[in-house]
There are 2 protein chains.
Amino acid sequence: MADTAQLTEACPIAEVLDHVAGKWSIGVLVAAAHGPVRFTELEREVAGISRRMLTLTLRKLERDGLLVRTVYPTVPPKVEYSLTDMARELYTSLTGLLGWAERHRGDIARARAAYDAAG
Amino acid sequence: MADTAQLTEACPIAEVLDHVAGKWSIGVLVAAAHGPVRFTELEREVAGISRRMLTLTLRKLERDGLLVRTVYPTVPPKVEYSLTDMARELYTSLTGLLGWAERHRGDIARARAAYDAAG
DNA sequence: CAGTATCCGTCATGATACTG
DNA sequence: CAGTATCATGACGGATACTG
């Protein structure tokens, strides 16, 4: 990761993406955005995620200060995750990218098709 | 990648990031942003990248329609890469994220320190 | 100059089973 | 319910050598 540090030096954007670039981070963030969400809810809402990866992703996001984890000492246990203000702000910034994606989804698909057709 | 497809369905943002999420994609994009750039220039400007990864990254970006590759049939060979309009637009959107990163760099560092201190 | 080919190690992810 | 532990694997990336 020494190289990543150098890249980050040259391009702080790369640093941002590190907090979001995990295979599941965005999915989890999106699923948690609509309010406090429990572990099992996330497991259902984020299609295809394994229990293990959900745990790892949640820990990473919590460590970066993007999620807050609240434990209710009940039986059975209840744990809720919610976005921090910082994460909500991030989410807003991501909408710019979302717009780009929607505008160019077709362009990208065509570009790929053309590229693959040519070879 | 079937799972990624499902995630993408739920969250188009994830689809965007796939075009940018590679370890070197952003660095290459940034290095190529200032105008047509040759292979060797990129190799120098993107700190730490290997020849192999540069090639793979360039091919991926080209396939997605983010870079244009121009070959001049001279001896020795000359190849130039430049951003497409679509990529420039993407780059603009990324500045939103960049702003977020700069505003919260300190917050994230503190969050991590606190998290690690607690354990 | 601008690549390609090959080998190999590491890491992220997945599957599965167990627990306070 | 909300995890943790362990093992296996496949993709990703690095090093090195070769080429039109």
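Labels below follow one simple rule: chain letters A, B, ... track the order of the sequence lines, proteins then strands, and each chain is numbered from 1.
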Taking only the side-chain heavy atoms of [X] (C-beta and beyond), determine which of [options] contains the nearest atom.
X     : options               : answer
A/R38 : C/dT13, D/dC1, D/dG14 : D/dC1
A/W24 : C/dC1, C/dT13, D/dG3  : C/dT13
A/P76 : C/dT13, D/dG14, D/dC1 : D/dC1
B/P77 : C/dC1, D/dA5, C/dG3   : C/dC1
B/V79 : D/dG13, D/dG3, C/dA2  : C/dA2

Donor-acceptor pair under 3.5 Å: do we get one between B/R52's side chain and the base of D/dG13?
-> yes

[atom1] of [X] versus [atom2] of [N]: gap in Å, rounded?
X     : N      : atom1 : atom2 : answer
A/E62 : D/dA2  : CD    : P     : 14 Å
B/E43 : C/dT4  : CD    : P     : 13 Å
B/I49 : C/dA2  : CD1   : C1'   : 14 Å
A/L42 : D/dC1  : CG    : P     : 14 Å
A/K23 : D/dG10 : NZ    : C1'   : 11 Å
B/M53 : C/dT10 : CE    : C1'   : 14 Å
B/L54 : D/dG14 : CG    : C1'   : 14 Å
A/E80 : D/dG3  : CD    : C1'   : 16 Å

Is the distance from OP1 or OP2 of [N] to the nearest side-chain N or O of [X] less than 4.0 Å?
X     : N      : answer
A/S50 : C/dA15 : no
A/Y81 : D/dC1  : no
A/R69 : D/dA2  : no

Does one hydrophobic cluster hold both A/L42 and A/V68, with members joined at side-chain heavy-atom distances below 4.5 Å?
->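 No, it is not one cluster - the side chains of A/L42 and A/V68 are not joined through contacts under 4.5 Å.
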
Hphob cluster co-occupancy, B/F39 + B/Y72, side-chain heavy atoms under 4.5 angstrom = no

Got a sec: does the CG of A/D116 have more than 12 other heavy atoms crowding it under 6.0 Å?
->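 More than 12 within 6.0 Å, yes.
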
Could you pull out the closest heavy-atom pair between B/S25 and B/L61, with the gap in Å?
-> O-CD1, 4.1 Å

Would you mind classifying the nucleic acid contact of B/T55 as base, sugar-phosphate or nothing, using non-hydrogen atoms under 4.0 angstrom?
->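 If one applies the 4.0 Å heavy-atom cut-off, B/T55 turns out to touch a base.
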
So what does A/R51 hit on the nucleic acid, given a heavy-atom distance under 4.0 Å: a base, only sugar-phosphate, or nothing?
->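 If one applies the 4.0 Å heavy-atom cut-off, A/R51 turns out to touch a base.
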
Taking the side chain from A/T84 and the backbone from A/A87, do they hold a donor-acceptor pair closer than 3.5 Å?
->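 Flag set: sc A/T84 to bb A/A87 pair under 3.5 Å.
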
A/L58 backbone acceptor or donor facing A/W24 side chain under 3.5 Å |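 Judged by distance alone, no pair lies under 3.5 Å.
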
C/dG20 pairs with which nucleotide, Watson-Crick or G-U wobble, both distances below 3.5 Å?
-> D/dC1

Should D/dA15 form a Watson-Crick or G-U wobble pair with both distances under 3.5 Å, which nucleotide is its partner?
->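 WC or wobble partner is C/dT6.
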
Could you say whether B/E41 or A/L56 is positioned toward the 5' end of DNA chain C, judged by the nucleotide with the nearest heavy atom to each?
->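 Looking at DNA chain C, the more 5' nearest nucleotide goes with B/E41.
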
